[in-house]
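Structure first, then comments.
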Amino acid sequence: MAENEWLNKDFYKVLGVSKDATADDIKKAYRKLARKYHPDVNKTKEAEEKFKDISEAYDVLSNKEERRKYDAIRQFGMGGARFAGGSGQGGFDASSFSDMFGSMFGAGPGGSRIRFSTSGSGQPNISDIFSMFGGAAGAGQAGAPYGGGHAGYEEPARPERGEDRTSKINLTFRQAVKGATVSLSAGGKKFKTHIPAGVKDGQKIRLAGKGKPGRNGGKAGDLYLQVSVAADPKFTLRGSDIVMPLPVTVGEAVAGAKIEVTDFDGKPVTFKVPAGSSSGTQVKVSGKGVQSGGQSGDLIGLVEIQVPAKPNMATKHAAKEFDKAAGAFLQRA
């Protein structure tokens, strides 16, 4: 609502509170009325207008600075009076209000007097009232600094959140699996941050408050890191599991076996390959995957049946005998 309409609106009456109501009183009154007249609850045209009125009233009275201005304008403008600075003829001395305006606008003892005079139309001169809030008594011009001779009221700049930034970061596969503390630079400032274990290639990481600074006291934006993870020749990540190939012989795959290999940290681990395993069968060692947040993934072995590149005659004969013994187990499309 425009300030020049404040004289025609009694916001206290709209909310049903007294002029000395506390902030909590105003909030409670607004919530009670909003529940009654909200358009989602009350579909009538009257309720819609009523909801607008109580919302306007709450916007002003819930803001300490806006309420102060509203009270001043209502108090000194309802009688058809207008404000004018300095001495003048035909006005009456407002010395009884000097203390109030002195505290509001910085006037001290011995400063210029404030006089009231009735306008010819009998209506308050709102421009003169607003000029008081810009630091000057009398007709003012917008844009003059506070305390100037002809200042208009200007809304204070609102806080604005800073813009977000984006950046890229390259990690080794080990850093992605184990997590890492890395050094970064944004806006000319260097800082360190921790990359969590198990981060994936292509993933985005949000660093709150590391974007561009806010304006007028607003919060800083965020920094978004685009992660690129280098491939490993042996291991891959699947969720919180580490996946590796597990080569086995035909005999191990058919009869089952315990296969000992080294894990991601170079430590020995043993996979139990069940009898009748085929290439692609997955076996696991629990708790040997990514360690993050008190939880552990698994180490997954993908069975790969391998045969000699140059089998001799005895091997070929044994293979044929095996096929005869196995029977028609293989179905080809």
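Computed from a predicted structure; not experimentally measured.
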Working to the nearest 0.5 Å, report the span between [atom1] of [X] and [atom2] of [Y].
X      : Y      : atom1 : atom2 : value
Leu171 : Lys178 : CG    : NZ    : 15.0 Å
Lys316 : Lys310 : NZ    : NZ    : 11.5 Å
Lys200 : Ser240 : NZ    : OG    : 7.0 Å
Thr281 : Glu304 : OG1   : CD    : 11.5 Å
Arg206 : Tyr224 : CZ    : OH    : 5.0 Å
Lys258 : Glu260 : NZ    : CD    : 11.0 Å

Considering non-hydrogen atoms only, spot the tightest contact between [X] and [Y] and give its length.
X      : Y      : value
Gly217 : Pro159 : C-CB, 4.2 Å
Ala29  : Leu15  : CB-O, 3.5 Å
Glu65  : Asn63  : N-OD1, 3.0 Å
Gly209 : Ala220 : O-CB, 3.7 Å
Gln291 : Ala197 : O-CB, 3.6 Å
Ala21  : Arg67  : O-NH2, 2.8 Å

Check whether any side-chain N or O of [X] sits under 3.5 Å from a backbone N or O of [Y] as a donor-acceptor pair, and report yes or no.
X      : Y      : value
Asp164 : Gly221 : no
Ser185 : Gly188 : no
Gln295 : Ser292 : no

Heavy-atom distance under 4.5 Å between the side chains of [X] and [Y], does that happen here?
X      : Y      : result
Glu46  : Lys50  : no
Lys234 : Pro245 : yes
Val261 : Ile259 : yes
Val250 : Val307 : yes
Val14  : Leu33  : no
Leu237 : Val177 : yes
Val248 : Ser279 : no
Leu223 : Ser167 : yes

Exercise. Can a donor-acceptor pair be found between the side chains of Ser18 and Asp20 at a distance below 3.5 Å?
Worked result: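 The answer is yes; a qualifying pair exists.
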Exercise. Under 3.5 Å, is there a donor-acceptor pair between the Arg74 and Tyr12 side chains?
Worked result: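 No, no side-chain donor-acceptor contact under 3.5 Å.
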Exercise. Should Leu299 and Phe271 be marked as a side-chain contact (heavy atoms from CB on, under 4.5 Å) after you check the CA-CA gap, both sets of side-chain angles, and the distance that decides it?
Worked result: CA-CA 10 Å; Leu299 179 62; Phe271 284 101; 3.8 Å; yes
For this session: Test the Lys210-Phe191 pair against the cation-pi criterion, namely NZ or CZ under 6.0 angstrom from the six-membered ring centroid and within 45° of the ring axis.
Result: yes
Problem set entry | Charged tip of Arg174 within 45° of Phe264 ring normal and under 6.0 Å |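 Yes - Arg174 lies over the ring of Phe264, closer than 6.0 Å to its centre and within 45° of its axis.
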Please check if [X] and [Y] belong to a single hydrophobic cluster, counting links between Ile, Leu, Val, Met, Phe, Trp and Tyr side chain heavy atoms closer than 4.5 Å.
X      : Y      : answer
Phe51  : Phe11  : yes
Val285 : Val243 : no
Tyr58  : Val41  : no
Val199 : Phe235 : yes

Exercise. Yes or no on side-chain hydrogen bond (donor to acceptor under 3.5 Å, both in side chains) for Asn42 and Thr44, after CA distance, side-chain angles and deciding distance?
Worked result: CA-CA 6 Å; Asn42 196 326; Thr44 65; 2.9 Å; yes
For this session: With Asp298 as reference, evaluate Arg238, Lys284, Lys288 under the salt bridge (charged side-chain N to carboxylate O under 4.0 Å, His left out) test and give the passing residue.
Result: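 Among Arg238, Lys284, Lys288, the one that satisfies the salt bridge (charged side-chain N to carboxylate O under 4.0 Å, His left out) with Asp298 is Lys284.
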Exercise. Picking from Ile300, Leu302, Val283, Ile305, what satisfies side-chain contact (heavy atoms from CB on, under 4.5 Å) with Leu246?
Worked result: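 The residue from Ile300, Leu302, Val283, Ile305 that satisfies side-chain contact (heavy atoms from CB on, under 4.5 Å) with Leu246 turns out to be Val283.
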For this session: Determine, stepwise, if the pair Arg35 / His38 fulfils side-chain contact (heavy atoms from CB on, under 4.5 Å).
Result: CA-CA 6 Å; Arg35 285 194 294 267; His38 194 281; over 6 Å; no
For this session: Please step through side-chain contact (heavy atoms from CB on, under 4.5 Å) for the pair Thr193 and Val182, ending with a clear verdict.
Result: CA-CA 6 Å; Thr193 190; Val182 297; 3.9 Å; yes
For the [atom1] atom on [X], are there more than 12 heavy atoms of other groups (residues, nucleotides or ligands in this structure) within a distance under 6.0 Å?
X      : atom1 : value
Arg215 : CZ    : yes
Lys219 : NZ    : no
Gln226 : CD    : yes

Problem set entry | Test side chain to side chain contact (heavy atoms under 4.5 Å, CB included) applied to Val229 - qualifying residues, sequence neighbours left out | Phe173, Ala176, Asp201, Val227
For this session: Could you give me the CA-CA distance, side-chain angles and deciding distance for Asp53 and Lys13, then say whether salt bridge (charged side-chain N to carboxylate O under 4.0 Å, His left out) is met?
Result: CA-CA 11 Å; Asp53 289 342; Lys13 184 177 180 180; over 6 Å; no
Exercise. Do Lys212 and Asp222 sit within salt-bridge range, that is, some charged N less than 4.0 Å from a carboxylate O?
Worked result: no
Exercise. What's the verdict on side-chain contact (heavy atoms from CB on, under 4.5 Å) for Val269 and Thr262, showing C-alpha distance, side-chain angles and the deciding distance?
Worked result: CA-CA 6 Å; Val269 293; Thr262 55; over 6 Å; no
